[in-house]
Every structure is written in C-alpha cells, then in structure tokens.
Amino acid sequence: MTLRSLALLALAVPSVVLAKPLTVCTDANPEGFDVVQYNSLVTTNASADVLMDRLVDYDATARKVVPALAASWEVAPDGLSYTFRLRPNVVFHTTDYFKPSRRLNADDVVFTFERMLKPDHPWYKIAPNGYPHAQSMQFTKLIKDVKKVDDNTVRFELNYPESTFLSTLTMGFASIYSAEYAQQLQAGGRQAELNQKPVGTGPFVFRSFQKDTVVRYAPNTAYWGGQPKVSALVYAITPDAAVRAQKVKAGECQIAISPKPLDVQAARSDTNLRVVQTPAFMTAFVAMNSQKKPFDSAKVRQAVNLAFDKSAYLKTVFEGTATAANLPYPPNTWSYAKEIKPYALDVAQAKKLLAQAGYPNGFDTTLWVRPTGSVLNPNPKAGAELLQADLAKVGIRAKVAVIEWGELIKRGKAGEHDMLFMGWAGDNGDPDNFLTPQFSCAAVQSGTNFARFCDPKLDKLIADGKKSSDFKARSVLYHSAQKLIHDQALWLPLAHPTAFAITRKDVSGYTVSPFGRQNFTRVSVR
C-alpha cells in the first residue's frame, strides 16, 4: 500500500472522541444517600438524580408524566388502582460492595414502598428520623397495598382516589431500591450502609464521598437510558458561591450551580463561559413556628409581614433576578390566587398588631439562616441582617444564628426554630407539591411543615383538592387554601427566584431544571 493510500485510509476512518470527566461545583454536603430519609434538594441531587430512577418522571418541557422504570401503566376507572409494567432488562449497579444476580423486577418496587409504609417491615425503623416525604404526602393513608402481579408487573391499590398520585411518584423519595441488595445488607447486620454505599439503576454509579470535599461517580455503562457521555462525574463541594464562580472561570469546574447574581453578570462577559437559566418553580420564605410563642399568634405573624421591606430585600439579595413572593407557589402556577393582595410595608400597623397581641414592647427571638448561598437564598448573611433591622424597627429583637445546612434542616424538622429562612422547590407543576408537604397536618409530624401549623379546615381543603381530577374544582379549593395561609401569615414569603448555572463553553447538553433537579445523562465536555 502506498503512502498516498494510507493517507486516504486515515481520512476515511472517523476519529475516536474520548469522553472527558465532568466536575460540578455544588453548594453543600448531601445528608446521606438513602434519599427517602431526607427532604433537602442537595441530598436529592446527590442521590436520586444521579444514582437512581423512579417508575415515572416529569418532563418539564412537555409538562407531563413520562415513562421511566415503568414502560407503561394503567389506571382503573375508579382511580383506586395503578398497574405498572416494568421496563425489561434494567440492571442495578455493580460495585465493589454489591453484584446483582438478577435484573430489576416487581420485588424491588414492592420492597421500596413497603419499607416506607409498613411499621412492621424489617427496614422501616432503619431510618431514625422516619420518611418525611412519604409521611407528609400521606402515603401511609393513601396506599392500601403494593402487589407483585408478576415479575414485570406491580399494582398499587389505593384507599381512595388521588389525582396527584402519579405525579408524586416522580419525586426523589419514590426512587426504586434493590431488594436483593437490602437482603444482603440485612443478612450481615449492615443496614446502615444503605445510606453510605448506595445502589440504584441510574445513569451514574457511586464511587466515594469525602465530606466537605467531593462526591465521585462513574458512568453506568449499562444504563437503560443510554450511557452518559462523560468519563466520570465529580461533585466538588464548594459552599461559597463566589468560589464556585472562580473555579468555573479557572476551569476547575465545568459547571457551577447556584451562583450569585453578581457572578452571573460577570460570566456573561466572559467568552469562555455560558450562563444557563430558567424561571424556578420555587419559593423562598421565612417560616414562623406557630407552635412557639409569640408566633402562635396570627397578629404577630402578620406584624412580621408588615414590618418587612421586601423590595429592599429583593434588590440586595437577588439583585433583580427574582420576583416578589406573596403566596406559597409562583404566579404562573394554575390555581394561583392573584386576587389576594400582598402585605404592604406598614411599620405603624405592625406595631399596632403587636400591641394587640400583648407585645407592646416587642419581644426577643432567634432567626436561623444557612451559612452559604443557594438558588433560594443567594446571600444569606445580607438577607438575615435586613430582616433583623426591619424587625428592630417594630421592637422585635432578633438574634441571627448561622447554622450549618444539614444541622439546620434536622433541627428545623424537629421544630426547634423560632424563625427560619427556608425555601421549597416543587418536583412537578402541581400546586399540591407545595401545599401538602408545607401546610398539611401530616407534614407537621414528618417535619417538612416548617410553619408547624395544623388546622383542620386547611387540611381538608388540601386533602379535597387532591381527591378531585377536575382542575376547576381543585382551583376553587386551592384559592381558599391560599387565602387561609395568607390571612394566617404562616410564612413571610420572600421570592420566586430565577435558577442559574454557569458552565464552561465546552459543556453541551446541560439545562437548568425549574425544579432544581440535576440531569447529567446527556451532558458532554468537548
């Protein structure tokens, strides 16, 4: 063969593009990897989003529930049973601590849900703090039984119809676990390892976690949805948003999540960077613990709302990248009660209400806040100081306590707080995704209701809203629920943010989810 022939042959053979690793600068440590035990988005992102799959997922673009581990499903005419047919040939991860002997089947689905629902199940008590989402979404009341029909078919039997059931199954806590792996751990008395050495069917396989430093994942080459396009995934835990921005600029990260608005503006002028954004289906708020004096008084809670200069807060903390919040969920959500007017800034009226509530000289309280920025609170220190100063003008002396994120979530769920900066991200476009976990009585018990408010009337409005499949009927109920929440001033609503991420220009396939979820399956680095 001549040199010319060799040259022509070389041109005819396509070049092999080797996958590159992807490093993502994230904002905090996951609390663990057994996602059903927790309710924070940080933990969902590190476990459910990369390691696991659910029976169904929510397509934010199409705004509908789509198949995942379930290839199809049928709903009984009376709404009392859902039958799922599992996708064939799905395999759980092979790791140095677990090697599956079979493919995903109905036993895994039954184990996943019975573990959360049945107090006599051998795995039920393994979660020391319970199952916050399963409890707040009232699955123990709703689900009568989870039955294996055959290896590839599973049926959920419900005690009553609930229009939100299918969309709730898209949430991270509904991720499917390996019953075989659970049996292996149980046989060795090592059940706690499920929280440290996770196994799923997702696009990435867990490799290691070093607290405050890094989480490492490998691509799942056998992933049913197609092998990821990167050679490795690394979560570089970087609490300081400014440092995250510096790292992506320096090329130490390819993606930086939850940047500060100022860093977003700087990134727009950097030719090596790209800003990705979307309106977030989220609400930032300050919860007031209605089970503690003086916040057991609606007048006190209303006074806090009247004392707060929200426009100054939005300008300082979000720098124009968020809209003011008035109600639990964003205004573009169906059933939003736009007729309900926000509390206006009125210091005199706030003082009057405090006096009527028995606090003419104000009171002392504590305001909890996280140390580092996030989508829902880009500048925690500045926001806390602004609220502290506004409350002082009406005689409320608030001490700011900065508490590490994992500890803040844990203690907040236990109801130890007075006032607490918090935020909530919906997992789908349904209003109930805010109302049930934040305002139902069951959510007080599970800990996700940070206002700690249990009211039979509000509880019934929320419950009735889930039972109906009629959007108009549900909207009427939700308007009433929003009015009650507003009148009782259970929150100091702050903002509906824009979700941003900064990426390197050589990153493609990454989008920001309005729900704060992370999907790196189709992301590549050139």
Kindly assign one of parallel, tilted or perpendicular to the pair [X] and [Y], based on the angle between their ring planes and the thresholds 30° and 60°.
X      : Y      : answer
Phe84  : Phe156 : perpendicular
Phe515 : Phe281 : perpendicular
Tyr329 : Tyr336 : perpendicular

Go through the side-chain N and O atoms of [X] and [Y] and say whether any donor and acceptor fall under 3.5 Å apart.
X      : Y      : value
Ser468 : Asp470 : no
Thr321 : Glu319 : no
Asp49  : Ser47  : no
Thr43  : Ser40  : yes
Asp212 : Asn29  : yes
Gln254 : Tyr510 : no
His496 : Thr283 : yes

Rounded at 0.5 Å granularity, tell me how far [atom1] in [X] sits from [atom2] in [Y].
X      : Y      : atom1 : atom2 : result
Asp427 : Asn433 : CG    : CG    : 5.0 Å
His417 : Leu367 : NE2   : CG    : 11.0 Å
Leu461 : His479 : CG    : NE2   : 12.5 Å
Asp34  : Leu194 : CG    : CG    : 4.5 Å
Leu142 : Lys466 : CG    : NZ    : 7.5 Å
Thr372 : Asn377 : OG1   : CG    : 9.0 Å

Under 3.5 Å: donor-acceptor pair, side chain of Arg244, backbone of Thr238: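 At least one qualifying donor-acceptor pair exists.
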Is a side-chain donor or acceptor of Arg452 paired with a backbone partner of Lys413 at a separation under 3.5 angstrom?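 At least one qualifying donor-acceptor pair exists.
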Counting C-beta onward and ignoring hydrogens, is there a side-chain heavy-atom pair between Met419 and Leu387 closer than 4.5 Å?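 They are in contact (side-chain heavy atoms under 4.5 Å apart), so the answer is yes.
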For [X], I'd like to know if atom [atom1] has over 12 heavy atoms of other residues, nucleotides or ligands within 6.0 Å.
X      : atom1 : value
Lys399 : NZ    : no
Arg216 : CZ    : no
Arg526 : CZ    : yes

Would you confirm whether the ring centroid of [Y] sits within less than 6.0 angstrom of the ring centroid of [X]?
X      : Y      : result
Tyr177 : Phe92  : no
Tyr131 : Phe173 : no
Phe285 : Trp424 : no
Phe439 : Phe434 : no

Over all heavy atoms of both residues, which pair between [X] and [Y] is shortest? Give the atoms and the distance, please.
X      : Y      : result
Leu490 : Ala451 : O-CB, 3.8 Å
Pro493 : Ala325 : CB-O, 3.5 Å
Val50  : Pro203 : O-CD, 3.2 Å
Val230 : Ser524 : CG1-CA, 4.2 Å
Gln138 : Ser440 : NE2-CB, 4.0 Å

Taking only Lys NZ, Arg NE, NH1 and NH2, and the carboxylate oxygens of Asp or Glu, determine whether Asp270 and Arg504 approach each other closer than 4.0 Å.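 So Asp270 does not pair with Arg504 through a salt bridge.
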In plain terms, say whether Arg370 and Asp27 are close enough for a salt bridge, that is, a side-chain N and a carboxylate O under 4.0 Å apart.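 Result for this pair is yes, salt bridge flagged.
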Pick from Thr365, Asp418, Asn305: which one makes a side-chain contact (heavy atoms from CB on, under 4.5 Å) with Met288?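 When side-chain contact (heavy atoms from CB on, under 4.5 Å) is applied between Met288 and each of Thr365, Asp418, Asn305, only Asn305 qualifies.
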Among Phe520, Phe33, Tyr235, the one residue meeting ring pair (Phe, Tyr, Trp, His ring centres under 6.0 Å) with Tyr217: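 Among Phe520, Phe33, Tyr235, the one meeting ring pair (Phe, Tyr, Trp, His ring centres under 6.0 Å) with Tyr217 is Tyr235.
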